[in-house]
Number of protein chains: 2
Amino acid sequence: MASAAPTGGDLSRLRQLNSLAVFGALRADGPLTLTAVAERTGLSRPSTKEVVDQLVELGWVVEVAPSAGTIGRPARRYRFRAEAGHIAGIDLGVHTVRAVVSDLDGTVLAETRQAVTPATPNDERIAAAERAVEGCLTMADLAREDLWTVAAGTTGIVDTAGVVRICAGIPGWAGVDLTARLGELFSCPIEIENDARLAALAERERGVAKGIRDAVFVHAGRRTGAALVIGGEVHRGFGGAAGEIGLHPVAHWERSADHIHDCPAVPAGVPKRDAARHTFAAARDGDPAALAAVDRYCDELAVGVSAMVMTLDPELVVLGGGFSPAGDVLLPRLRARLEEVCLRMPELRASTLGEECVAVGAVGRAVARLDAKHFGLTPGGIAPAR
Amino acid sequence: MASAAPTGGDLSRLRQLNSLAVFGALRADGPLTLTAVAERTGLSRPSTKEVVDQLVELGWVVEVAPSAGTIGRPARRYRFRAEAGHIAGIDLGVHTVRAVVSDLDGTVLAETRQAVTPATPNDERIAAAERAVEGCLTMADLAREDLWTVAAGTTGIVDTAGVVRICAGIPGWAGVDLTARLGELFSCPIEIENDARLAALAERERGVAKGIRDAVFVHAGRRTGAALVIGGEVHRGFGGAAGEIGLHPVAHWERSADHIHDCPAVPAGVPKRDAARHTFAAARDGDPAALAAVDRYCDELAVGVSAMVMTLDPELVVLGGGFSPAGDVLLPRLRARLEEVCLRMPELRASTLGEECVAVGAVGRAVARLDAKHFGLTPGGIAPAR
DNA sequence: GAGCTTTACGAAGGAGACCATCATTAGTAG
DNA sequence: CTACTAATGATGGTCTCCTTCGTAAAGCTC
């Protein structure tokens, strides 16, 4: 594609490239000796040394104690200094606001949650997010100034500027400029993205979709939604509306979860947040009403999922969201429905990440952006250094 | 991200990168002076000179006569030597086998077609392709040895090895190893791909989808199919089955075109290949039967298209295939159906490329692969030179 | 038509980044 | 205590790029 040809450059650009390669090797594979780094990057030892020294000077890398017990002169070892900066990830959910604080590796250092309701006013919801982050910072013994990025995920469709455009779950949430609101609280860059997409990103980076290029992520829980991983990247769509197949009248996922929540197998008086667990437990015990509810739910889920699968032909479909622990109940039924229509059946897996996956995905997103910024690496290519 | 970090390299790699940048500038923007190339690539003049000299020596670039009438010393000008190699693109269709021969710019030099039927035996169909290419070569005064690549598109699902896996339109076509069959006839590398995807590629490169990152391509003609452009690349899917939404029972595009072909507005005795033209003409004249047929057709088309649109949220939907000249009739109706369901309405355009779009797309595919091979450029990134 | 301006060419010198090579060093093994 | 092993650190060479300079070939002005 000559139109988007990577611009060449001078020697410093080459150094930048090699720097990035060394940095990537160190970050991906933990503490490494110089020889190991050289092997991984294809550089010679002297060059590797020079690059590593530079990275040490910049504070990205530190030397660690050599590993004892080896034959020959012990090699100096280096590792990525993940503690050089920190990131806050926020999940602005309908019923819960979660936050995590992580280092630059994405390792979660602290994690908090605040209960809210759909009726919680916007200001109060933002304040809950602030408290959640503040709690994490306290737990991790950090200050706001230590944060390099705050990334947040929210239900609904968010534009590239971080303004909520459409949101079904939270009345009055549409129109809120999250970048601006969070920008008032934190002086670092703010990233806003749709929650299902961040969950998909988390699966792609550290969940069951690790290493998969093309996957469909289904958020099955109190809300039903979807997100796509294409070519290893989470697909946003031109207007940020990718994966909203659930709003298609044929699928109509808006009320699908009701089959699970309003099932007769749920004892009276059980709060809504626990209803699903009862339904799935009853289904495992063979309760006919629960099984019927699960069947109906899977039928509706399958309509949208099959449309996405036949559109994209992904390698994998991930079942995520609050219902994902019930993968043993849901996946066989979903698989049966899909096999009836799909030309090529993708693999099906249930997510194993916990409920903080959106916040973790937010952190992943922020890490990717920081990489791009500090190393001139755009996702999937080399961009001119500006 | 770090897992797929671009590997760095030595000085020769830098030269390779700059070579590629210079090459890209020359190919994209026609004959250029050294200063113009230097400006475009960001390189200094002496370096540019050296790189260009090298490219001239390798035969990729030639000097052309300086443009007269300018002030100052006339600058030497160089251009990409598109005639350095040639490519054959083949469209192995159900009713027609087409071939084009192009230079390395993708400029079509010759074009031929051979009529076939769904019942044409495989050997005869391959032989028709051979004759079509041979005809092009004669017209362009070339020999088989001048071909650097032969790329072909065919109906159905093709695996990465070039074997037809599933094909509805041509009985007995499934199982044919096209790479092997064409490899017996031509000694150059062979590329095989699904025809709708190649048509989409042609639209992306020189049609109405030029410069668009995310688009849905609908092949509307005697067969109905689709292909996707995501992130500027044609999306293949894990098993090569992306875009096969038409096989979903809800869409069932297999017989959709019959609405147009079997319309009562078509005079008796009109051969099937001309039926559609009559139906669309009658619809333009307000014939109720034709309008009803068009409505039914668009209804069915819209089911599949809306599913793809809501999955991907593309910027653009392209109507291609044999029915695309009837865009004036089809697009308003299709738009109306889509507007009923789509969250964000994409733009709709009818293709303006002719019937040879599949063969042209095949050429485009071959050009992209040649780039990757000769310059170590993988689509969207820098790969280690192996 | 001579001289000026403009633009491009080509050569020389310098800096940065990479590599290969070799003597040296700090451990373990016997 | 010696032999062996593997990493270290320093030296010199090569490649690619950049900057700077004088030179060359056109048009424009008087």
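So that the names make sense, note that chain A is the first sequence line, chain B the second, and so on, each numbered from 1.
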Can a donor-acceptor pair be found, under 3.5 Å and without considering hydrogens, that links the side chain of A:Glu111 to the backbone of A:Val100? no
Would you say A:Asn18's side chain and A:Arg15's backbone share a donor-acceptor pair under 3.5 angstrom? no
Under 6.0 Å from the ring centre and within 45 degrees of the ring axis: does the NZ or CZ of A:Arg144 meet both conditions for the six-membered ring of A:Phe186? yes
Heavy-atom donor-acceptor pair, A:Arg73 side-chain to C:dT25 base, under 3.5 Å: yes
Residue that, paired with A:Tyr78, satisfies side chain to side chain contact (heavy atoms under 4.5 Å, CB included) out of A:Val22, A:Val62, A:Val64, A:Val52: A:Val52
Please identify which of these residues, B:Lys49, B:Arg76, B:Arg79, meets the salt bridge (Lys or Arg N to Asp or Glu O under 4.0 Å) condition with B:Glu63. B:Arg76
Provide, to the nearest angstrom, the distance between the [atom1] atom belonging to [X] and the [atom2] atom belonging to [N].
X       : N      : atom1 : atom2 : value
A:Asp53 : C:dG16 : CG    : P     : 17 Å
B:Arg13 : D:dC17 : CZ    : C1'   : 17 Å
A:Leu17 : D:dT16 : CG    : P     : 16 Å
A:Glu50 : D:dT11 : CD    : C1'   : 14 Å
B:Leu14 : D:dT14 : CG    : C1'   : 14 Å
B:Leu11 : D:dT16 : CG    : C1'   : 6 Å
A:Gln16 : C:dG16 : CD    : C1'   : 15 Å

Looking at [X], I'd like to know whether one of its side-chain N or O atoms comes within less than 4.0 Å of OP1 or OP2 on [N].
X       : N      : value
B:Asn18 : D:dC17 : yes
B:Arg15 : D:dC15 : no
B:Arg45 : C:dA8  : no

So if I take every side-chain heavy atom of [X] and compare against [options], which nucleotide ends up nearest?
X       : options               : result
A:Arg76 : C:dC9, D:dA26, D:dT8  : D:dT8
B:Thr35 : C:dC19, D:dT8, C:dC9  : C:dC9
B:Ile71 : C:dT6, D:dT19, C:dA20 : C:dT6
A:Ser47 : D:dT8, C:dC9, C:dC18  : C:dC18

Between A:Ser44 and A:Pro74, who's closer to the 5' end of DNA chain C by nearest nucleotide? A:Ser44
Starting from the 5' end of DNA chain C, give me the residue, A:Thr48 or B:Arg77, whose nearest nucleotide shows up first. B:Arg77
Need to verify one output field. Residue with the more 5' nearest nucleotide on DNA chain D, B:Ser12 or A:Lys49? A:Lys49
